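Start at 1 and go down the list; that is how both ligands and their atoms are numbered. None of these values were measured; they are calculated from a predicted model. By convention here, the first residue in the shown sequence is residue 1.
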Amino acid sequence: MSANDSPSGQQKTTSASLDAVRNATHDSAFLKACRREPVPHTPVWFMRQAGRSLPEYLKVREGIAMLDSCMMPELVAEITLQPVRRHKVDAAIYFSDIVVPLKAIGIDLDIKPGVGPVIAEPIRTRADLARLRDLTPEDVPYVTEAIGMLTAELGATPLIGFAGAPFTLASYLVEGGPSRNHERTKAMMYGDPQLWADLVDRLAEITGAFLKVQIEAGASAVQLFDSWVGALAPADYRRAVLPASAKVFDAVAPYGVPRIHFGVGTGELLGLMGEAGADVVGVDWRVPLDEAARRVGPGKALQGNLDPAVLFAPTPAVEAKTREVLDAAAGLEGHIFNLGHGVMPNMDPDALTRLVGYVHEQTAR
Ligand SMILES: Cc1c2[nH]c(c1CCC(=O)O)Cc1[nH]c(c(CCC(=O)O)c1C)Cc1[nH]c(c(CCC(=O)O)c1C)Cc1[nH]c(c(C)c1CCC(=O)O)C2
């Protein structure tokens, strides 16, 4: 199957325009690095680059709830473009949230400012699983529409689509909201392995379908965020999570777009996260990239991994820490520079802009 066969039957983005997007972005530094090809400079983007660190974001979001904003295509396109205009990053990331596909299939949830996603009725029993129905492109028309607008504006700059991975989504659904220790999630995982397996398998189906919509609309790469999976030991990850994450990666494999996988505190899981099917493994700041490369093994690019908190230090300190990251990445087959986790709301946007310039200048070849 090629991406042009449009397996969902949706033709909102025509094959010809999808081909045009593929051609325009193909030789970008970002996609070359994902493919482990030589690059003119190390590409840079930041997780959570769109959002509260930017005054122009706060301005357009004024009076609009987070989830509502995700369903307004023009606003989504504007917010996605803001960090590209300001920082000159090498890729855009689609503005949305990991819980958007769950909302789209009818799960009653909200994103509470300063808290995160909150689920009205958590998923805890076999009967609850029935509420997790399949996602179709018709459930998320605003995604197709916004991505269509974006690819027209972005030209040669690739757009990264994303989704939450089954474990991280399951944690929100089972706990009912953010959780420090994932107690109820782990209680289900260890106590009712079959219910757990069925839950993450359902989530894999939904997530795979959601990523397909984004790719068919014109996303040039996808990132699967398993933000909280670092809470697990490798043996548990392999048994209870890897099959579901692999199912998501397999679902989008036929499109041939790079698949990025990221989690926080996943130093002990990096090899397994690559094994799940990622082409690019995201690394937080706790493991130097040369060591991460040893853990991941050959044939995969790495993304990361400056400690985001470093951005609060004076510029010479930021540059010294950035140099350390670049030095550790010197022998890699493919490196995409990023922070080890997301941009923080109170970060100075100018420090981010300077960082992009510094990485480009230091790695120009
Ligand atoms: C775990 C997770 C979530 N959402 C996401 C993850 C995985 C990434 C990670 O590990 O950070 C993913 C996400 N959420 C958002 C993006 C936008 C794209 C980007 O610029 O990276 C992305 C990629 C927008 C958002 N998602 C959210 C905001 C802030 C809400 C606002 O601006 O009103 C944004 C810009 C809300 C949200 N949504 C979530 C949290 C923890 C929060 C923060 C709650 C808070 O502190 O207010 C769940």
* Should Ile336 and Phe46 be regarded as members of a common hydrophobic cluster, given that ILVMFWY residues are connected when their side-chain heavy atoms come within less than 4.5 Å of each other, either directly or indirectly? -> yes

* Asked: So if you build clusters from Ile, Leu, Val, Met, Phe, Trp, Tyr with side-chain heavy-atom gaps below 4.5 Å, do Ile119 and Trp196 land together?
  -> yes

Ionic contact status for [Y] with [X], cut-off 4.0 Å:
X: Arg238; Y: Glu275; result: yes
X: Arg294; Y: Glu291; result: yes
X: Asp128; Y: Arg131; result: yes
X: Asp192; Y: Arg126; result: no
X: Glu56; Y: Arg85; result: no

Does [X] come within less than 4.0 angstrom of ligand 1, counting non-hydrogen atoms of the residue?
X: Gln223; result: no
X: Phe262; result: no
X: Gly114; result: yes

* Should Trp45 be counted as touching ligand 1, given the test is an N or O pair under 3.5 Å? -> no

* Asked: Any N/O of Tyr172 closer than 3.5 Å to an N/O of ligand 1?
  -> no

Check [X] against ligand 1 and report side chain, backbone, both or neither, counting heavy atoms closer than 4.0 Å.
X: Pro113; result: backbone
X: Met66; result: side chain
X: Ser96; result: backbone
X: Met47; result: backbone
X: Tyr94; result: backbone

Starting from [atom], find the nearest protein heavy-atom neighbour and note its residue, name and distance.
atom: atom 36 (C) of ligand 1; value: Ile111 CG2, 3.4 Å
atom: atom 21 (O) of ligand 1; value: Arg48 N, 2.6 Å
atom: atom 11 (O) of ligand 1; value: His341 NE2, 3.1 Å
atom: atom 33 (O) of ligand 1; value: Arg61 NH1, 2.9 Å
atom: atom 46 (O) of ligand 1; value: Arg52 NH2, 3.3 Å
atom: atom 20 (O) of ligand 1; value: Ala50 N, 2.9 Å

* So which of Asp226, Asp97, Leu54, Thr168 gets nearest to atom 37 (C) of ligand 1, if we judge by its closest heavy atom? -> Asp97

* Which of the listed options, Phe95, Phe162, Phe225, holds the heavy atom that is closest to atom 8 (C) of ligand 1? -> Phe225

* Would you check if there is a donor-acceptor pair between the side chains of Thr42 and His335 at a distance under 3.5 Å? => no

* Asked: Does one side chain, of Thr353 or Asp350, offer a donor that lies under 3.5 Å from an acceptor on the other?
  -> no

N/O donor to acceptor pairs below 3.5 angstrom from side-chain atoms of residues 96-108, sequence neighbours left out:
| unit_1 | atom_1 | unit_2 | atom_2 | d |
| --- | --- | --- | --- | --- |
| Asp97 | OD2 | Val99 | N | 3.2 |
| Lys103 | NZ | Leu109 | O | 3.3 |

* To do: Grab the two heavy atoms, one from Phe249 and one from Ala276, that are nearest each other, plus how far apart they are.
  => CD1-O, 3.4 Å

Per-atom contacts of ligand 1 with [X], taking only distances under 4.0 Å to non-hydrogen atoms:
X: Gln49; result: 19 (C), 20 (O), 21 (O)
X: Tyr57; result: 31 (C), 32 (O), 35 (C)
X: Ser227; result: 1 (C), 7 (C), 8 (C), 9 (C), 10 (O)
X: Ile93; result: 18 (C), 19 (C), 20 (O), 21 (O)

* Asked: Do the ring planes of His341 and Phe262 sit parallel (below 30°), tilted (30 to 60°) or perpendicular (above 60°)?
  -> tilted

* **Over 12 non-hydrogen atoms of neighbours within 6.0 angstrom of CZ in Arg365** => yes

